[in-house]
Amino acid sequence: MDWVDLVLSRRSIRRYETRKIPQEVLDKILEAGRKAPTADNRQPWRFIVITDPEIKEKLLQDEYNVQAASFIKEAPVTIVGCGLVREDEYTRKWGTIYSILDTTIALQNMVIAAWAMGVGSCWIGVQATPFDDIVRRLLKIPKDWKIIALISFGYPAKQPGPIKKKSIEEIVSYNTFEEKTTSR
Ligand SMILES: Cc1cc2nc3c(=O)[nH]c(=O)nc-3n(C[C@H](O)[C@H](O)[C@H](O)COP(=O)(O)O)c2cc1C
């Protein structure tokens with residue numbers, strides 16, 4: 001499969017084999033994050049790799065978390081991406097918190113690199129959910145680090161069913177914004 005087809009074939013994977021991810025594979029996934037682009041090359045991120053079953057168990061202590069991400073328990077690795085959101089001169093100058101974009105890009109780089117090596121993954125959103133608090137307390141994440149997302153990683157045990165994506169016509173216009181009726 002060529003590189004583009006590989007990217008096109010990516011799906012969220014929520015069922016994992018019990019087999020561990022070898023350290024060299026995990027290192028490459030992390031390296032794909034490290035090499036991602038960032039505004040002003042600031043690299044305002046931290047990544048916490050969770051492998052400890054006890055921590056996974058504690059992450060799932062809330063009913064909301066179980067509903068959103070019970071698969072964390074099965075996944076051999078979950079990576080928590082954090083972006084620095086300190087009010088500093090740079091943020092004031094540009095009026096935006098680039099660390100959120102930067103960390104998101106890094107996490108998706110990891111997802112694609114993992115997929116290229118046969119490792120599936122699933123994004124887990126935490127914003128404004130009980131997850132945020134639990135993850136922050138458990139992993140001792142300081143207040144000025146925003147938890148951007150968790151991503152579970154593991155070898156796929158089951159391929160997901162087909163999914164409907166919006167068509168190119170629904171989401172793309174050339175040279176100017178076009179109002180479009182979309183399905184969601
Ligand atoms: C920011 C973000 C948050 C997500 N949060 C969750 C989640 O909490 N639980 C979950 O099972 N999937 C989560 N997903 C995965 C989406 O449900 C999935 O990407 C979407 O249904 C499209 O499916 P696909 O990834 O297979 O193309 C999240 C995806 C993103 C990008």
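Note that ligands are numbered from 1 as they come in the structure, with each ligand's atoms numbered from 1 the same way.
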Checklist entry - Can you pull the salt bridge (charged side-chain N to carboxylate O under 4.0 Å, His left out) pairs that have at least one residue in residues 13-24, sequence neighbours excluded? => result Arg15-Glu74, Glu17-Arg19
Next on the checklist: Heavy-atom contacts with ligand 1 below 4.0 Å: which residues, ordered by chain and residue number?
Outcome noted: Arg10, Arg11, Ser12, Arg14, Ala68, Phe71, Cys122, Trp123, Ile124, Gly125, Ile163, Lys165
Next on the checklist: If the test is side chain to side chain contact (heavy atoms under 4.5 Å, CB included), which one of Ile48, Ile148, Thr103 qualifies with Cys82?
Outcome noted: Ile48
Next on the checklist: If the test is side chain to side chain contact (heavy atoms under 4.5 Å, CB included), which one of Leu59, Ile151, Leu150 qualifies with Ile124?
Outcome noted: Leu150
Next on the checklist: Within the structure provided, determine whether Leu107 and Val111 are in side-chain contact (heavy-atom separation under 4.5 Å).
Outcome noted: no
Item to check | Pairs satisfying ring pair (Phe, Tyr, Trp, His ring centres under 6.0 Å), at least one member in residues 109-146, at least two apart | outcome: none
Checklist entry - Please, which pairs that meet ring pair (Phe, Tyr, Trp, His ring centres under 6.0 Å) have at least one residue in residues 34-87, sequence neighbours excluded? => result Trp45-Phe47
